[in-house]
2 protein chains.
Amino acid sequence: MSKGQETRQRLLDSAQQLMYSRSYSDVGVQEICKDAKVQKGSFYHFFSSKSSLTVEVLEQLKMQMIKSILLPAFAKDLTPAKRFERFIEYAYHYQVQIQEEYGYVLGCPMGNIALEMSTQDEEIRKKVEMLFESIFHVFVDVLDDAKAVGEIDNNADTSELAQVCLAYGEGVLLMAKTKNDPEVVKQLLPHVSKLIGFKHK
Amino acid sequence: MSKGQETRQRLLDSAQQLMYSRSYSDVGVQEICKDAKVQKGSFYHFFSSKSSLTVEVLEQLKMQMIKSILLPAFAKDLTPAKRFERFIEYAYHYQVQIQEEYGYVLGCPMGNIALEMSTQDEEIRKKVEMLFESIFHVFVDVLDDAKAVGEIDNNADTSELAQVCLAYGEGVLLMAKTKNDPEVVKQLLPHVSKLIGFKHK
DNA sequence: ATTCTAGTTGACCGCTCGGTAAAGTCAACC
DNA sequence: GGTTGACTTTACCGAGCGGTCAACTAGAAT
């Protein structure tokens, strides 16, 4: 990676970390630059605005999330139902680890930005909508698998169920953040199986 | 209401409306004052800080929400299951009306502030947690009714189910706001009956 | 009539915000 | 060895931030 690309990456990483642990508005360009050890002028050499930096942060966030949680959790070495159980464990442990590191449960980095910025920055809203779309597809895949092996009703609308799962997951993370308690994830997320309608044998 | 209390109320109303339609950080004390036609000095005569004003806004929000949506929707003139259906309709129409008025689906005013402020202002986080607690009790009541009339399993943990309902509702509103589409509410919220486990006769 | 006080006014504080501009540095390529 | 262009540095902009302050007004209580 060239020197410029390294600088750029440091800005993305600092922004991601700071915005996740606080909020978009509470973190300024100045602070991002200080954290990344980059001068403000350089910031605007790489990014046209705070908003466009954020769009790239969101893209990076999605890739990390898919690579480090979604794909491992939903790997096809287990039955779909078991994959969901694994996903719940991953989500729980991630929030536990975050709380240990920051002192706060931080919830979903995409959901956080979505609620804060959807009405204020159309580009950011669109981007988050697309991220959810990507995650949605991952869910559809597993649910289609579940249908194929007969774990769920053959007439189930997997596309709608995927949306339902996503919404429920976001809701649980919102509650966990509000209560600052990762146990909420462990306690509530398993109810997702009722939404999906797994046939318990 | 005395003159002072009227001024105070105007500040609360302006703050509530502006913060709901944008965000906590994006709305300044100055703008709230301008909207309420109050000088800044008066603001700090009534409220010790922007943060404490917000705590009072949240309290007001809770009362309005309970009085204008929760109590009417869950009134005991219908069976618990039907009450939930009515609640879904109310939630949907509220978001439709908001979108017509502001051009954006704004989601849940409490959830919005929860995600933005939970890690930044402990008093606000605590307050939101208490608001959710109040709403939680409303849900527990209906669910207990449902249990009493045999609409749900007699061994159901109504306390846990209430939390689940709340989380799901918040999640659905988050998705609706992100997609800026109130139809999300109409489409996804009915799935809550699967979480509750209504016995369809 | 005077005192008290709740409420109002508007100027002011230090600070940070997102963003700009211009000069300077350095390595690669001709 | 000179030129180019990517990258960096630093000073700067107007505006707005949350919050303070002292002077003022008006109405009620004494």
Side-chain angles (χ1 to χ4, degrees), chain A residues 1-58 113 116-125 127, chain B residues 1-58 113 116-125 127:
Chain A
M1 198 167 3
S2 75
K3 188 125 181 293
Q5 290 308 303
E6 273 171 34
T7 306
R8 190 187 154 83
Q9 193 57 50
R10 281 207 311 282
L11 285 168
L12 285 168
D13 293 342
S14 291
Q16 177 176 323
Q17 198 245 95
L18 289 168
M19 284 179 184
Y20 182 36
S21 62
R22 312 237 290 283
S23 77
Y24 177 90
S25 315
D26 197 48
V27 176
V29 173
Q30 210 157 274
E31 191 179 358
I32 293 168
C33 289
K34 192 176 172 187
D35 189 80
K37 289 168 178 59
V38 172
Q39 296 307 112
K40 213 182 201 176
S42 286
F43 179 102
Y44 286 95
H45 173 74
F46 292 109
F47 304 100
S48 61
S49 66
K50 185 186 175 188
S51 166
S52 76
L53 175 261
T54 305
V55 170
E56 292 205 36
V57 165
L58 285 167
I113 292 186
E116 184 182 356
M117 299 305 296
S118 283
T119 55
Q120 290 180 67
D121 189 307
E122 181 61 16
E123 276 187 46
I124 291 179
R125 191 195 66 74
K127 185 71 193 181
Chain B
M1 194 161 14
S2 75
K3 187 125 181 292
Q5 291 307 303
E6 273 172 33
T7 307
R8 191 186 152 83
Q9 193 57 50
R10 280 208 310 283
L11 285 168
L12 284 169
D13 292 343
S14 291
Q16 177 176 323
Q17 197 245 95
L18 289 168
M19 284 180 184
Y20 182 36
S21 62
R22 311 236 290 285
S23 76
Y24 176 91
S25 315
D26 197 49
V27 176
V29 173
Q30 212 157 271
E31 191 180 357
I32 293 168
C33 290
K34 192 175 174 187
D35 190 80
K37 290 167 178 59
V38 171
Q39 296 304 112
K40 215 184 200 173
S42 286
F43 180 101
Y44 285 95
H45 173 74
F46 292 109
F47 303 100
S48 62
S49 66
K50 184 186 177 188
S51 166
S52 76
L53 176 261
T54 306
V55 170
E56 293 204 38
V57 165
L58 286 168
I113 293 186
E116 184 183 356
M117 299 306 295
S118 283
T119 55
Q120 289 180 70
D121 189 307
E122 181 61 15
E123 276 188 46
I124 291 179
R125 191 195 64 77
K127 185 70 192 180

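So you know, we letter chains A, B, ... as the sequences are listed, proteins then strands, and number each from 1. Bear in mind the structure is a predicted one, so any value in this text is a computation, not a measurement.
Looking only at atom types and distance, the side chain of E123(A) has no donor-acceptor partner in the side chain of S52(A) under 3.5 Å away.
Within the 4.0 Å cut-off from OP1 or OP2 of dT8(C), at least one side-chain nitrogen or oxygen of T7(B) is found.
Here dG19(D) presents its P atom at 13 Å from CZ of F47(B), a figure rounded to the nearest Å. Rounded to whole Å, the distance from CD on Q5(B) to P on dT8(C) is 10 Å. R8(B) places its CZ atom 13 Å from the C1' atom of dG7(C), with the value rounded to the nearest Å. Separating the NE2 atom of H45(B) from the P atom of dG18(D) is a distance of 20 Å, rounded to the nearest angstrom.
Partners of E122(A) under the salt bridge (charged side-chain N to carboxylate O under 4.0 Å, His left out) rule, at least two apart in sequence or in another chain, are R125(A).
The shortest side-chain heavy-atom distance between C33(B) and Y44(B) does not fall under the 4.5 Å cut-off.
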**OP:** Spell out protein contact along nucleotides 10-23 of chain C as letters: B when the base is contacted, S when just the sugar-phosphate is, - when no protein heavy atom is under 4.0 Å; keep the 5' to 3' order.
**Re:** B------SBBBB--

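Within the structure, salt bridge (Lys or Arg N to Asp or Glu O under 4.0 Å) pairs that include any residue of residues 13-23 of chain B comprise R22(B)-D26(B), R22(B)-E31(B) (at least two apart or interchain).
Partner of E56(B) under the side chain to side chain donor-acceptor pair (under 3.5 Å) criterion, chosen from Q16(B), R8(B), K127(B): R8(B).
The main-chain N or O of V27(B) is found under 3.5 Å from a side-chain atom of K50(B) such that the two form a donor-acceptor pair.
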